[in-house]
**Q** 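Here you go, one structure.
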Amino acid sequence: MTQTPSQAEVPCAVDLTVSEQPMDSIPKEELFTTVIAPCSDAEPQEPAAEEPSETPSGFAGFGFSEALLKTLEEKGYKDPSPIQKAAFPELMLGRDLVGQAQTGTGKTAAFALPLLERLEGRSTQPRVLVLAPTRELAMQVADSFKAYAAGHPHLHVLAIYGGSDFRSQIHALKRGVDVVVGTPGRVMDHMRQGTLDTTGLRSLVLDEADEMLRMGFIDDVEWILDQLPEERQVVLFSATMPNEIRRLSKRYLREPAEITIKTKDREAKRIRQRSITLQNSHKLEALNRVLEAVTGEGVIIFARTKAITLTVAESLEAAGHDVAVLNGDVPQNQRERTVDRLRKGTVNILVATDVAARGLDVDRIGLVINYDMPFDSEAYVHRIGRTGRAGRTGEAILFVTPRERRFVGNLERAVNQTIEPMDIPSNAEINQSRLDRLRDRLSQAGLGEADDETPLLQELIQRVSQEHELTADQLALAALKLVVGDQPLLVTGDESWLKAPFRNDRRDDRRSDRGRDRRRPEREARPPEENMTRYRVEVGHRDRVKPGNLVGAIANESGLQGRMIGRIQIFESHSLVDLPKGMPEDVFSSLQRLKVLNRELQISRAS
Ligand code: AMP
């Protein structure tokens, strides 16, 4: 099934720097055509005399079978991506390999194609094991293997991960599997109880090794590596190379080929990154405004905790958005359905925690919103990497509270790019965006082709115009008004809070940082804004209340719009909430009895 390329053609350590041409101007196919020069252990070599002087086009020349070449053609892959060009020859020779590359570079095919091609004959034992940090990634990688193995129907691929039925996995393993893709914990469980036989393994892949480290799987990974047969090939891919991963690579890989794809800058630059400085209590309203003004094809909103994902999703649903949630509480089968809906566009907004969204690979994500600051810069890199995929451009917007502002510099260093300050979209911006969208819809409808129902509609128009003697303009206007519906087209609400008290000016932040007394009593003492009254409510940190809970509950009960609710300060057993002056008596008494997280607010005027 395979022809092996000669050693002389083989690149060993390739450092690829890809052109800085704006990525939005490069079609996807061209992203995968960057040329690399082969090199060897010693000095860089000239290509062998009999080799053609240009890079061989397409996937021919790597020793792949006809069946695989046909599969790739059917998938529309024209040329190997840089990482594939560098990895194929190494892996076809059976060498160990360390690759530093992110998702979106074609790294899955870089290891899957050669490993599949080297599977000769049939076997009853698994021969390739891929470890991936998350269920989603394990499933994606398994799906890729299945797709690439389409020309070899006798090859069986199985994904095994926690949260799905153990027994059906055991049955599938018993029936015979060639490639196992799994999460470390579940793979270890199967190995321990003897249902996954690793004695026939020829290759092990550690995919997104840094993610496995971050998620605390590294001991499991080492345990698995320690059980492997002496003679085996190990391939390690990681977006970043923390010391732990280098150590792992030194210990378990033998003279590995090294490939670095310097996509970080490029990936990052393809993603426009901005930040909004705001109070925690304004996040929900700011989010709604951003979603109105910045249109993204698909949107992922990252929140720090499961509870926040729910608060955010509820608030967006209340504003009329279709939203899905992905957090650790969502059962596996539902997660798969959710990712699928996002991929197909039947849902456009996903609210997720970091862990739940790891490795998520959906091309149509145009906007990532960091509703909460990520825990560290690596998490930020991974989050924003969910957009700008497969050669597309993307946008990332980070919500930062004034206290978190000082960490933005770390993120900028990690992505080697400025994160531009941005203001919460104003009414004018939102209105412009609404008008633009309406104009686009109208133009598209106007240019659309007639269908079976068109004559019916034409007849209806004619009848109404004759009955009421309406001009074409009047009719068109009426039709447009029908589309707009009962809700006002333009937003007109209060927007004075947008600018105050926190502006997107870092010098201001630094000044206020220097002058700020961090002691609580001082913060508590800052008076409410002029048009606000400060109230005390009897829920606090001990009840695990979050500003979103208070905003949601108070807005619901009082009929106030979320953005009218001012500063919220949460203390151990109570919180302070600034509400507009002049609250009617009946609203006040209904708020007294209102329960948040099962505790009555017992609202009172703060002294
Ligand atoms: P990955 O980095 O493995 O997550 O792959 C990113 C995307 O690129 C996936 O949707 C792959 O199907 C696609 N892809 C991988 N290799 C190629 C190629 N040589 N040509 C076109 N698309 C590719």
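What's counted below: heavy atoms across the whole structure, side chains too, no hydrogens, waters or symmetry copies. Order of appearance sets the numbers: ligands from 1, and atoms from 1 within every ligand.
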**Q** Are Arg127 and Asp178 within salt-bridge range, i.e. N to O under 4.0 Å?
**A**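 Judged by the 4.0 Å cut-off on N to carboxylate O distance, Arg127 and Asp178 do form a salt bridge.
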
**Q** Would you mind telling me if ligand 1 is within reach of the side chain of Phe237, the backbone, both or neither, using heavy atoms under 4.0 Å?
**A**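 Near ligand 1, Phe237 shows nothing, with every heavy atom at 4.0 Å or more.
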
**Q** At a non-hydrogen distance cut-off of under 4.0 Å, which region of Asp79 contacts ligand 1 (side chain, backbone, both, or neither)?
**A**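 Backbone only; the side chain of Asp79 stays clear of ligand 1.
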
**Q** Quick one: which ligand 1 atoms are inside 4.0 Å of a heavy atom on Phe59?
**A**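 Those atoms are 19 (N).
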
**Q** Among Ser81, Gly106, Gly76, which one puts a heavy atom closest to atom 5 (O) of ligand 1?
**A**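 Among Ser81, Gly106, Gly76, the closest heavy atom to atom 5 (O) of ligand 1 belongs to Gly106.
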
**Q** Establish, from distance only, whether the side-chain atoms of Ser377 and Asn410 form a donor-acceptor pair under 3.5 Å.
**A**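 No - no donor-acceptor pair under 3.5 Å links their side chains.
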
**Q** Is it true that Tyr380 and Phe375 have ring centroids separated by less than 6.0 Å?
**A**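 No: the rings miss the under 6.0 Å criterion.
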
**Q** Once salt bridge (charged side-chain N to carboxylate O under 4.0 Å, His left out) is applied, do any residues pair with Asp354, and if so which ones, sequence neighbours excluded?
**A**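 For Asp354, the residues satisfying salt bridge (charged side-chain N to carboxylate O under 4.0 Å, His left out) (neighbours in sequence not counted) are Arg383.
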
**Q** On a heavy-atom basis, I'd like to know which of Tyr77, Phe111, Tyr148 is closest to atom 17 (C) of ligand 1.
**A**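 Shortest heavy-atom distance from atom 17 (C) of ligand 1: Tyr77.
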
**Q** Phe237 and Phe111: aromatic ring centres closer than 6.0 Å?
**A**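 When the ring centroids of Phe237 and Phe111 are compared, they turn out to be within the sub-6.0 Å range.
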
**Q** Is Gln84 touching ligand 1 with its side chain, its backbone, both, or neither, if touching means heavy atoms under 4.0 Å apart?
**A**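 Answer for Gln84: side chain.
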
**Q** Can you find a side-chain donor-acceptor pair between Gln169 and Arg186 that sits under 3.5 Å?
**A**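 Result is yes, a qualifying pair exists.
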
**Q** Pairs of nitrogen or oxygen atoms closer than 3.5 Å, one from Thr105 and one from ligand 1: do any exist?
**A**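 So ligand 1 has an N or O lying under 3.5 Å from an N or O of Thr105.
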
